[in-house]
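Note sheet for the following structure.
Being a predicted model, the structure only gives us computed values, none of them experimental.
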Amino acid sequence: MFYWSTLHNRTTEENQHQTRKLFNAIHQVLLMRQGPIHEFTFHSNKSCHFYELDQIIFHLSRNHTVKKLTLAFDYMDSYKLPLSAFSLHQLTDLDLCYVNLDHQPIFSGFGSLRSLSLIKVKISTKAFLHLLSNCPSLKRFNLQGDIGSKDCTIIELFECLPVIEHLTIWGNCVHPWLVLDSIPKELPTTLIHLKCFRFNNICFVDDHGLTFLAVLIKCSPNLEKIELEIDDCIVDDNEICCGILEEYSDVRLEHLKELEIMCFSNLKHVIEFVKFILARSPKLKRVILYSFVEKDEESDILTILSQAPHASQEEIVVRCITD
C-alpha cells in the first residue's frame, strides 16, 4: 500500500518545489518496486496541474494490479482523471473526491469494483450512468454532490445498481437531477439486495428528499437498516409530508430491523415519518433518535410514538446530542 499527502503551510513557490520533489520520490519508489502494489492513496489540498500524477497512474495501470485507489483533492478543478485510470480493471475500491470524471463514456467498465465513493466529482449525467451501469459487482456506493446538468430519473439510477447492498446519498444530490414526474405508478423492484441505506442532509420540507426516500423504500423489499441525518428545516410543512406518505401507504418493510435518525426534531412531519415506519415494519427491533430536544420533550416524543400503531414490539431510544 502506498499513501501520499502533500505538504501544508508553505508559500506557492515552496509548495511547487516540494510537490515536484514528492512526485519524483513517488515515481522512483514505484520504478524500484519489485513486488505488487494493491493499494494507492493520494491526498492533496493544493490546486495545481498534476502531469506527474498522470504518469504515476499510467505506470500503475501498466505494471501493477491495483485493487484500491483513492484520489482526494480540495478544489473542483484540481485534477482530471486520466484515461489510463479506466484501465485499472482489477479495482475493487475506488474513492474520488473533487476529481473531474467528465470523459466521453466509452470505457468498458470496472467488472470487479465492489465499492465506489464519489464526493463532489465533476461528471455529466450520461457519463455517470455509464460508469454505474458498467460496474456490475458494485455493492457499496456513496454519492455526494451535484451530478451533471441534464435530468436523470430515479429509476435510471436504481437500474444501474442491481446488486447494491449499502447505499449512501447526500440530500444535495437529489434536487438538481431527480425527475419526480418520471416516477411510474407501478415501481419495479430493482434494489432487491439493498440492506442498508443512509440519507444525509435530507430535508422533509422539500418534496424531492422525502419522495426519493419513499420510492427507494418501495423498491427495496429486503432493506434491514435506514440511517437518516435530517437537515435543519425551520418550516413544519406537515401537509407535504402526509401527502407523500399517503401516496406510498402500501409500502411494507418486511425485513427492516433498525431505524436511526440523526438531528431528530419534534416537528410534525418528522414524527409522522417515524410513525409511518413503525406501522409497516413487523421485524423492527430498534429505533434510535439522536435529538437536540430538551429532556421533557424527549418524554413527549416517546409518548406520541408509543401511542402510534406498531407492527412490532421495537425499542425506541431518544438520545440527546450535546452541542
Side-chain angles (χ1 to χ4, degrees), residues 140-143 158 164-171 173-174 187 189 191-233 236 238 240-242 244-293 297-321:
R140 185 180 296 270
F141 181 43
N142 173 42
L143 176 64
F158 291 170
I164 200 73
E165 295 180 1
H166 299 267
L167 177 63
T168 300
I169 298 286
W170 293 70
C173 305
V174 174
L187 290 168
T189 306
L191 304 178
I192 60 174
H193 297 284
L194 186 63
K195 304 294 185 184
C196 179
F197 175 62
R198 180 174 180 86
F199 200 158
N200 292 318
N201 300 127
I202 178 175
C203 182
F204 278 79
V205 174
D206 186 336
D207 58 348
H208 285 75
L210 185 54
T211 300
F212 184 95
L213 179 57
V215 172
L216 180 135
I217 289 174
K218 192 165 186 177
C219 293
S220 310
N222 298 309
L223 198 59
E224 296 180 0
K225 185 175 183 179
I226 298 175
E227 301 177 21
L228 304 178
E229 180 185 275
I230 298 180
D231 195 10
D232 292 335
C233 298
D236 193 7
N238 195 45
I240 291 178
C241 177
C242 289
I244 295 173
L245 296 179
E246 183 177 348
E247 185 176 351
Y248 294 92
S249 59
D250 61 333
V251 166
R252 293 280 295 178
L253 297 106
E254 300 289 350
H255 299 278
L256 189 69
K257 298 177 181 178
E258 186 171 347
L259 171 65
E260 183 176 307
I261 302 181
M262 292 291 297
C263 304
F264 179 84
S265 67
N266 60 351
L267 296 178
K268 291 180 180 178
H269 56 270
V270 182
I271 292 178
E272 285 302 316
F273 173 76
V274 176
K275 291 164 65 176
F276 177 86
I277 298 296
L278 294 177
R280 291 163 175 80
S281 308
K283 294 185 179 180
L284 189 62
K285 295 181 178 179
R286 200 174 190 197
V287 177
I288 306 176
L289 309 174
Y290 296 92
S291 175
F292 290 105
V293 300
E297 292 181 289
E298 288 184 20
S299 177
D300 293 340
I301 292 172
L302 288 172
T303 299
I304 293 172
L305 295 179
S306 64
Q307 294 175 349
H310 291 240
S312 64
Q313 297 297 317
E314 72 286 328
E315 175 189 15
I316 302 178
V317 180
V318 180
R319 294 178 178 172
C320 183
I321 301 175

Given side-chain contact (heavy atoms from CB on, under 4.5 Å), test E298 with S291 step by step and report yes or no.
CA-CA 8 Å; E298 288 184 20; S291 175; 5.8 Å; no

I need the minimum non-hydrogen distance between R252 and A279, along with the two atoms involved.
NH1-O, 3.9 Å

Once rounded to the nearest 0.5 Å, what's the spacing between atom SG of C219 and atom CD1 of I192?
12.0 Å

Minimum heavy-atom distance between F197 and I169, given as atom pair plus value
CE1-CG1, 3.9 Å

So CD1 of I226 and CZ of R198: to nearest 0.5 Å the spacing works out to 12.5 Å

Side chain to side chain, E260 and Y290, heavy atoms closer than 4.5 Å:
yes

Would you call K218 and D250 a side-chain contact if the rule is heavy atoms closer than 4.5 Å?
yes

For F141, what residues pass the ring pair (Phe, Tyr, Trp, His ring centres under 6.0 Å) criterion, not counting sequence neighbours?
none

Atom pair CZ/CG of F199 and D231 - distance to nearest 0.5 Å
10.0 Å

Check whether any side-chain heavy atom of L228 sits under 4.5 Å from a side-chain heavy atom of F264, and report yes or no.
no

With heavy-atom distances below 4.5 Å as the criterion, would you say the side chains of S265 and F292 are in contact?
no

Point-to-point distance, once rounded to the nearest 0.5 Å, from CD of E227 to OG1 of T168:
7.5 Å

Point-to-point distance, once rounded to the nearest 0.5 Å, from SG of C196 to CZ of R140
8.0 Å

For the pair F276 and F273, name the ring-plane relationship: parallel under 30°, tilted 30 to 60°, perpendicular over 60°.
parallel

Nearest 0.5 angstrom please: L259 CG to K225 NZ, how far?
10.0 Å

Find out whether N222 and L194 are in side-chain contact, i.e. whether some heavy atom of one side chain is under 4.5 Å from a heavy atom of the other.
no

Measuring only between side-chain heavy atoms, which start at C-beta, is F158 closer than 4.5 Å to I164?
no

Are any non-hydrogen side-chain atoms of V318 and L305 less than 4.5 angstrom apart?
no

Tell me, which pairs form a side-chain hydrogen bond (donor to acceptor under 3.5 Å, both in side chains) where one or both residues lie in residues 273-287, sequence neighbours left out?
E272-K275

Going by heavy atoms in the side chains, are I277 and I217 under 4.5 Å from each other?
yes

